[in-house]
Protein chains: 2
Amino acid sequence: MASSSTARGRTGRPPVTSREQILAAALQLIERRGWQRLTIRALAAELGIGTTTLYHHVRDREDLLVQLIGEVVAQMDRPELPADPQERIVVAMTTVHDTLAAIPWAAEVLTVDGFMGRLGDTSVWIVEEVLAAAVQAGSSPERAVEVFRHLWYYTAGEILVRARSAVGPLDRDRLLPEGQTLFGAREASTVPTLAAIGDRWPQITARDTYAEGLRTFVRGLLGPQRREHSG
Amino acid sequence: MASSSTARGRTGRPPVTSREQILAAALQLIERRGWQRLTIRALAAELGIGTTTLYHHVRDREDLLVQLIGEVVAQMDRPELPADPQERIVVAMTTVHDTLAAIPWAAEVLTVDGFMGRLGDTSVWIVEEVLAAAVQAGSSPERAVEVFRHLWYYTAGEILVRARSAVGPLDRDRLLPEGQTLFGAREASTVPTLAAIGDRWPQITARDTYAEGLRTFVRGLLGPQRREHSG
DNA sequence: AAGACTTAGCGAACACGTTCCGAAATTAGC
DNA sequence: GCTAATTTCGGAACGTGTTCGCTAAGTCTT
């Protein structure tokens, strides 16, 4: 099944198509026709190889998409990080966030495959920086991991939910089965808040909501009240 | 296209299969064979109807799964909420979280379809409660919406990421292309934190990490320093 | 050099989601 | 009752991801 633990040299027939060629062709195909149209068959045809040959380079389609995002994330620019630990965390996390959010198809793919649980492994320097900053701010290593977890949950959720909420107003028609009002609240809300918000809800999505929430979360997770806590 | 706004009486051939029958059969099929094996064809065969007939009750497979989760969430128990606004928010959000996290296939489906952006519409009372509590804690209605957004991002991300991270240790072999170490850190980490954590990373997942992070986030978003803020 | 082993390549086939389009069943209007 | 409209039903077909089993092309061992 899996290759043994010893790093054995390559053997067998050398592939006529390299991993780089496959990923490059896939990216090109995505740019040209969108990620939904990136089919195994089309990619194989683009590369001039048989359809099933791709399965020797990629486990399945999901794996292909994961590797594609991983490639993009790996080439992410490493920004200059401020000295203050909390700000450093904010900048680092915002960088990943913006990178993923900037790839139009990334969020879509993220909803489809299981990349979220693995991104922490791919972009190492972010994990490193956040953990180190948390430790510098006074956390134990274990606590630092938890801090990173919380922040990553928030980041992942923001990307996924916001990408899905922005698909357009047709979602309303798609969601409601029949005759049901949005939120079920506009007609008779037990709480005045929902009625007050009403239809403005979808519009209130501010662009930099993420960074603000992130900063608040970091502040809550790392301090400042922890400075006065000695035990 | 869509039926007009007036509630017109039903006409045409009456369906031989009701929405409830479809959802019930689908849930039963999920319990028996897992959600991945819930195919349109199998569900139609189970109901004794033609395959394509299902498409008159459900837009597509994704829609079917969304409706299934919606059904489960809609029957969620409404817990007793404490008086304190912050605690009320914590309990409310934890309830949704636990409901979704308790359905083994829900988190998987959530990763697949676009349910995340719509759940806020389905379970109304949670939105109501959180918004009202935020307002009671001193937020404006617009600010309350932002607070809910942040908390929902965190909740959604936690469910998705944790579900995906828990698929098992085979993920390691699946992720790493060739000869790459996990985190790229065990051999030479520029930051001591990662090396210190090392292999313990996957094990540190505490069960109630979510509630703790949620409480911290709520506290950061709503106060307590806001109580002393009068303008 | 020869065989064993390992890997890449590929055609055929299967199950699946989905669309097309026509047939059947029911109601509304006359 | 008859026709038209409207709705459900479902077979056929297309494109898809994936597996099976095989052949070809290399590498390693002897």
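What you are looking at is a predicted structure, and each value in this text was computed from that prediction instead of being measured. Values reported hereafter were calculated over all heavy atoms of this structure, with side chains retained and with hydrogens, waters and symmetry mates removed. Every chain is numbered from 1, with letters handed out A, B, ... down the list of sequences.
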A/Y153-B/T209 side chain donor-acceptor pair, cut-off 3.5 Å: no
pair A/F148-A/M93: side-chain heavy atoms closer than 4.5 Å: yes
Any donor-acceptor pair under 3.5 Å from B/T99 side chain to B/T95 backbone: yes
C/dT7 OP1/OP2 closer than 4.0 Å to side-chain N/O of A/H57: no
Mutual orientation of the aromatic rings belonging to A/Y210 and A/H97 [parallel < 30°, tilted 30-60°, perpendicular > 60°]: parallel
Separation of atom CZ in B/R13 from atom C1' in C/dT26, rounded to whole Å: 9 Å
Electrostatic pair B/R78-B/E129, nearest N-O below 4.0 angstrom: yes
Residue pairs passing the salt bridge (Lys or Arg N to Asp or Glu O under 4.0 Å) test where at least one lies in residues 33-45 of chain A, sequence neighbours excluded: none
Side-chain N or O of B/T53 closer than 4.0 Å to phosphate OP1/OP2 of D/dG10: yes
Length of the CG-C1' vector between B/L54 and D/dG11, whole Å: 15 Å
Length of the CG-C1' vector between A/L47 and C/dA8, whole Å: 14 Å
OP1 or OP2 of C/dT7 under 4.0 Å from side-chain N/O of A/T11: no
Base versus backbone protein contacts along nucleotides 17-22 of chain C [heavy-atom cut-off under 4.0 Å; B, S, -]: BBB---
Integer-rounded Å distance: D/dA24 P and A/I49 CD1: 19 Å
Between P of C/dA8 and CZ of A/R19, the distance in whole Å: 14 Å
